[in-house]
Amino acid sequence: MTQPLQPVPMAAPSFSTTTLTPVLIHLLRGASDLASVAATHAKLLKAGVASTLASSNHLLAAYCRCGAMSRARDLFYGMQDRDVISWTTLMSGYTASGRPREAVSVLRAMEFSGVQPNVVTLSTAASACARLADAGLGKQVHARAEVAGCARDTIVSTALVDMYGKAGHVDDSRAVFDGMAAPTRNAVSWGAMLAVYAQNALGNEAIQLFAELRTSGSGPAPNHFMLSSVVSACASVVRLSIGKCVHGAVLRLGHGSNDTVIAVALVDMYSKCGCYEYSRKVFDRIEQPSVIPYTSIIVAAAKYGHVRCALALLGEMVDRGVQPNDVTLLGVMHACSHSGLVDTGLQFLHSMQSKYGIAPCPSHYTCAVDMLGRAGRLEEAFGLAKEAQVEGNEALLLWNSLLSACRTHKRLDLATLAGQRVSEFKQDVAGGLVLMSNAYASAGQTDNAAAVWSSMRQRGIQKDPGCSWIEVKDIPYVFYAGVVSCAGARADEVLMLLDELEYKMREKGYKGRLGSARVFDALEDDGDGGKGVMVGVHSEILALGFGLLVVPKGMTIRVMKNLRMCCDCHETFKLISGIVEREFVVRDLNRFHHFKMGSCSCNDYW
DNA sequence: CTCAAACTCA
């Protein structure tokens with residue numbers, strides 16, 4: 001056996017007190033690995049030179065850069081003097097290695113030792129609180145910044161904006177942002193504020209703020225951070241027309257190619273807005289897609305029921321040497337689930353560990369249980385649900401989907417069991433109870449169904465009202481079940497059109513009613529409707545009627561809904577698409593339906 | 001030539 005070639009050892013630098021710092025910096029500069037930092041450290045000790053505060057700080061920073069926090073800590077506590085840079089370096093090291101709790105302790109110890117924080121200390125501290133999502137601690141840092149007179153500093157303010165946002169205190173973020181003088185706000189500050197809105201599901205506020213920046217004339221040019229936040233804001237509030245405008249801005253500003261982050265945001269935006277084709281076009285322009293672009297397009301394909309496509313994309317990425325992660329596989333499983341490929345989906349669950357080295361998470365089990373449940377394989381679903389170690393919010397989701405499956409497949413025996421598990425959760429009682437009463441109603445036990453319903457009313461439990469919306473020329477119109485007034489002056493026309501359509505549908509054998517109130521229908525739908533006893537026309541039908549009036553012929557009508565579509569409405573949309581010869585896309589709670597010539601892309605499985 | 005802020009996938 002031959003020894004591998006050893007690099008020629010470099011001559012050990014000779015240390016002297018006068019040249020110490022330049023030599024040290026030279027050695028530490030490129031050193032991001034612990035071994036070389038430790039070697040330099042050892043040489044220093046061996047040379048026996050007296051370390052200065054600055055040299056120790058350099059060494060400390062080097063240990064922090066390679067994440068060797070215990071070494072950094074030992075060095076720090078062995079130092080004779082510590083200045084604000086020493087303290088801040090240690091804090092920043094802890095924050096960067098994902099230990100914000102320790103960073104905050106360092107801040108406390110620093111205060112105790114009487115060293116005054118500077119702007120760098122305070123921005124680091126704010127960022128530690130951001131990671132902790134702790135607005136209480138963050139507010140203390142904010143107060144210290146005020147006392148130190150640096151709360152208006154650009155970087156400190158920006159870190160505070162981010163911190164409040166991560167803790168969910170959006171108004172405080174905005175207050176800090178507004179407190180900054182206009183010239184102090186740079187591109188990062190704007191980006192941080194936009195991201196706060198985008199991350200807190202306040203897409204419209206993000207869009208509004210971006211518009212303010214664009215119309216103000218002053219202020220920084222939009223960069224890729226701002227643009228990706230605004231695109232994802234458009235996605236979260238499903239504003240296709242504005243999303244397209246921002247896409248235009250992205251292209252004009254030269255971020256169209258070679259910016260994968262924006263491209264991924266666009267893929268996601270188009271898929272959430274009902275335009276899978278556009279998602280695909282944006283994806284196809286990404287060179288050498290990594291796991292994240294692949295995941296986003298697989299998730300998009302899954303939402304539209306394009307299971308073959310999702311599987312092909314998975315194969316393609318593996319062939320190209322791109323490793324799928326847990327989210328990718330969840331996306332693939334969702335695709336199987338939405339198309340009823342239950343056994344393929346289960347294979348992924350059982351082989352992901354051995355084939356891809358990824359351990360199944362609660363979300364994978366939840367998806368599999370949901371998949372089995374909707375296919376009517378309820379015993380298997382229950383078995384898997386009990387076997388999976390799922391807790392908290394995921395467990396609620398899991399048992400809720402089982403409950404819903406029991407109702408669909410009229411398995412009252414199991415429904416009671418699942419209903420019990422759901423009721424163990426304090427939150428979202430309403431959803432579970434609605435499902436429970438629906439299960440009774442499906443099994444023909446209207447008395448029990450009504451009992452659950454009336455107990456809900458007595459206890460004052462309200463559920464989310466079902467609503468649907470449609471965007472026309474930039475403006476979203478929101479419809480609630482039985483309430484046509486959103487159509488404004490055209491409300492009567494909508495009702496007339498629906499009557500006419502109902503007549504034509506009857507000629508094709510439709511037996512139901514579109515418009516008039518139906519008693520106890522609320523027990524059979526997915527929770528649409530207000531009072532529980534009198535339910536009028538469902539919200540998506542109203543949105544469709546309005547869309548047929550105002551969206552130019554030839555254009556796809558896109559309706560968004562906050563709950564799952566019911567079977568009745570699904571049939572209705574299919575029939576109407578054939579009658580009026582137009583295409584509709586409906587975004588459900590968890591997927592898209594593309595109606596065309598009397599049928600739906602989901603093949604009636606969802 | 002040591003310490004600081006913003007982004008994408010279910």
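Order of the sequence lines sets the chain letters (A, B, ...), proteins ahead of strands, with each chain counted from 1.
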N/O donor-acceptor pair under 3.5 Å between A/S279 side chain and A/V267 backbone: yes
Donor-acceptor under 3.5 Å (A/S339 side chain, A/C336 main chain): no
Distances for protein N or O near nucleotides 6-10 of chain B N or O, under 3.5 Å:
residue : atom : partner : partner atom : Å
B/dA6   : OP1  : A/D162  : OD2          : 3.4
B/dC7   : OP1  : A/Q199  : NE2          : 2.4
B/dC9   : OP1  : A/D268  : OD2          : 3.3

Spacing between [X] atom [atom1] and [N] atom [atom2], to the nearest angstrom:
X	N	atom1	atom2	answer
A/N57	B/dT2	CG	C1'	6 Å
A/N118	B/dT2	CG	P	14 Å
A/M91	B/dA5	CE	C1'	13 Å
A/R131	B/dA4	CZ	P	12 Å
A/I155	B/dA5	CD1	C1'	6 Å
A/L90	B/dA4	CG	P	12 Å
A/W87	B/dA4	CH2	C1'	18 Å
A/M110	B/dC3	CE	P	15 Å

No-hydrogen, no-angle side-chain donor-acceptor test under 3.5 Å, A/R320 and A/Y294: yes
With A/Y365 via ring pair (Phe, Tyr, Trp, His ring centres under 6.0 Å) - residues at least two apart: none
Positive for side chain to side chain contact (heavy atoms under 4.5 Å, CB included) with A/T295, one of A/V322, A/L330, A/N325: A/N325
Touch class at under 4.0 angstrom, heavy-atom based, for A/T89 against every strand present: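 The residue A/T89 makes sugar-phosphate contact but no base contact.
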A/R82 to A/F76 six-membered ring, cation-pi geometry met (6.0 Å, 45°):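 Pair A/R82/A/F76 counts as cation-pi.
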